[in-house]
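Both counts, for ligands and for their atoms, begin at 1 and track the order of listing.
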Amino acid sequence: MELIKNLNKNFKIIIRDIEIISNKNITIIAGPCAIENEKYLFEIAKFLKKCGIKILRGGAFKPRTSPYDFQGLGIDGLKLLKDIACEFNFITVTEILDPRDIEYICEYCDILQIGTRNMFNYSLLKEVGKAKKPVILKRGWCATIKEFLLAAEYIAIEGNYNIILCERGIRTFESETRNTLDLSSIPVIKSYTNLPIIVDPSHGTGKREYVIPMSMASIAAGADGIMIEIHPNPEKALSDGKQSLKFEDFKKLLEKIYKISNVLNKEIKK
Ligand code: PEP
Ligand code: MN
């Protein structure tokens with residue numbers, strides 16, 4: 001972990017007009033699990049803009065456990081994401097599944113997400129490293145913290161330090177939650193690297209009602225931000241509806257995060 005160990009305490013990632021500064025700012029990323037159609041994406045974007053959020057997430061290529069589940073809109077989804085981002089001036093995040101897609105995903109989107117299933121996909125990590133685009137690297141559901149950090153090192157070795165780590169829970173024997181959200185990874189990761197670490201409590205818990213408390217806990221434990229799934233009509237969502245916040249829940253979440261950030265003397269970069 002030579003490379004990611006030697007970064008300043010306030011290591012900074014600049015993406016157009018936003019700055020993600022480790023140990024200083026709180027970054028809030030939100031959006032649907034999957035881009036489903038123009039109407040929903042527009043509603044979500046309009047709502048998030050009103051809340052002051054600057055980074056919009058949305059999957060166009062969905063890595064689903066069952067091949068029969070909705071796989072995402074693919075390139076059509078990317079086009080919708082780009083159009084909405086231009087209209088509302090959002091920075092965007094989308095997941096990349098296949099190294100062959102890098103070039104054109106980079107044209108449509110600002111931040112590449114490597115999902116939990118691909119954290120160990122070393123050829124994808126290398127390609128994303130070469131692309132020099134900002135990356136959200138999610139922890140593999142069966143990865144130790146060291147393996148997670150070494151995956152980030154794969155990207156850094158190619159000259160790309162624009163890496164945002166994302167804790168999203170690991171698989172354990174516990175079945176009340178979809179994953180076990182390992183918040184102890186935050187101080188451990190902070191002891192090794194100053195790359196920013198954000199938390200995804202949506203996948204981390206799998207249940208909407210636990211997203212707010214675990215978001216608060218994440219920030220209190222030192223996370224540099226959170227990534228939250230929201231949906232205008234979660235009951236009808238084509239993926240991850242159970243863990244997606246309704247708009248009114250998201251507003252409540254923001255209020256609580258403001259309070260905690262104040263106490264910690266951290267600035268919110270929505
Ligand atoms: C997602 O962010 O929608 C996603 C699929 O996440 P993960 O890779 O953590 O399951
Ligand atoms: Mn999801």
Side-chain angles (χ1 to χ4, degrees), residues 27-36 40-41 44 48 53 55-67 69-74 77-78 81 91-98 101 105 109-121 124-125 128 134-143 145 147-148 151-152 155 163-172 177-183 185 189 197-208 210-211 214-215 218 223 225-246 249-250:
T27 300
I28 302 176
I29 304 172
C33 176
I35 300 158
E36 299 179 8
Y40 277 159
L41 194 61
I44 293 167
L48 290 178
I53 300 295
I55 311 183
L56 173 69
R57 62 149 285 151
F61 299 92
K62 293 306 301 174
R64 306 304 298 281
T65 302
S66 165
D69 287 341
F70 177 60
Q71 303 286 309
L73 297 179
L78 290 181
L81 187 63
I91 304 277
T92 53
V93 185
T94 206
E95 180 164 355
I96 175 154
L97 295 180
D98 188 322
D101 297 335
I105 294 189
C109 181
D110 303 295
I111 306 174
L112 302 174
Q113 177 173 315
I114 299 205
T116 195
R117 295 160 178 85
N118 270 316
M119 191 214 82
F120 285 108
N121 184 341
L124 182 62
L125 297 176
V128 159
V135 183
I136 292 180
L137 175 66
K138 298 188 95 176
R139 180 178 179 181
W141 48 260
C142 60
I145 295 170
E147 287 164 342
F148 184 25
I155 299 171
I163 307 164
I164 301 156
L165 301 167
C166 179
E167 171 59 63
R168 49 79 70 205
I170 49 176
R171 186 174 286 181
T172 67
T177 48
R178 182 175 176 186
N179 290 285
T180 296
L181 187 54
D182 179 14
L183 294 186
S185 73
I189 287 169
I197 163 99
I198 63 169
V199 174
D200 168 357
S202 307
H203 293 85
T205 62
K207 291 183 186 164
R208 183 180 311 124
Y210 307 140
V211 169
M214 295 315 284
S215 298
S218 304
I226 45 175
M227 179 157 70
I228 305 289
E229 287 186 341
I230 67 165
H231 198 284
N233 193 354
E235 287 76 24
K236 292 253 168 73
L238 297 178
S239 68
D240 289 349
K242 287 201 180 83
Q243 67 193 36
S244 297
L245 291 190
K246 299 175 181 174
D249 302 325
F250 187 76

Can you tell me if His203 and Asp240 form a side-chain donor-acceptor pair at under 3.5 Å?
-> yes

Flag for Arg117-Thr65: side-chain donor and acceptor within less than 3.5 Å = yes

### Query
For Val199, does its backbone N or O pair with a side-chain atom of Arg168 as donor and acceptor, under 3.5 Å?
no

Above 12 or not: heavy atoms from other molecules or residues under 6.0 Å from NZ of Lys242? no

Rounded to the nearest 0.5 Å, the CD atom of Gln243 sits from the CG atom of Asp200 at a distance of 7.0 Å

List the atom of [X], the atom of [Y], and the distance in Å for their closest heavy-atom pair.
X      : Y      : result
Ile91  : Asp110 : CA-OD2, 3.3 Å
Leu56  : Gly31  : CD1-CA, 4.1 Å
His231 : Ile44  : CA-CD1, 4.5 Å

Total protein N/O/S atoms sitting under 2.8 Å from the Mn ion (ligand 2), waters ignored, is 4

Partner of Leu165 under side-chain contact (heavy atoms from CB on, under 4.5 Å), picked from Val135, Ile198, Ile189, is Ile189

Within the 4.0 Å heavy-atom cut-off around ligand 1, the contacting residues, ordered by chain and number, are Cys33, Arg57, Lys62, Glu95, Gln113, Gly115, Thr116, Arg117, Lys138, Arg168, His203, Glu229

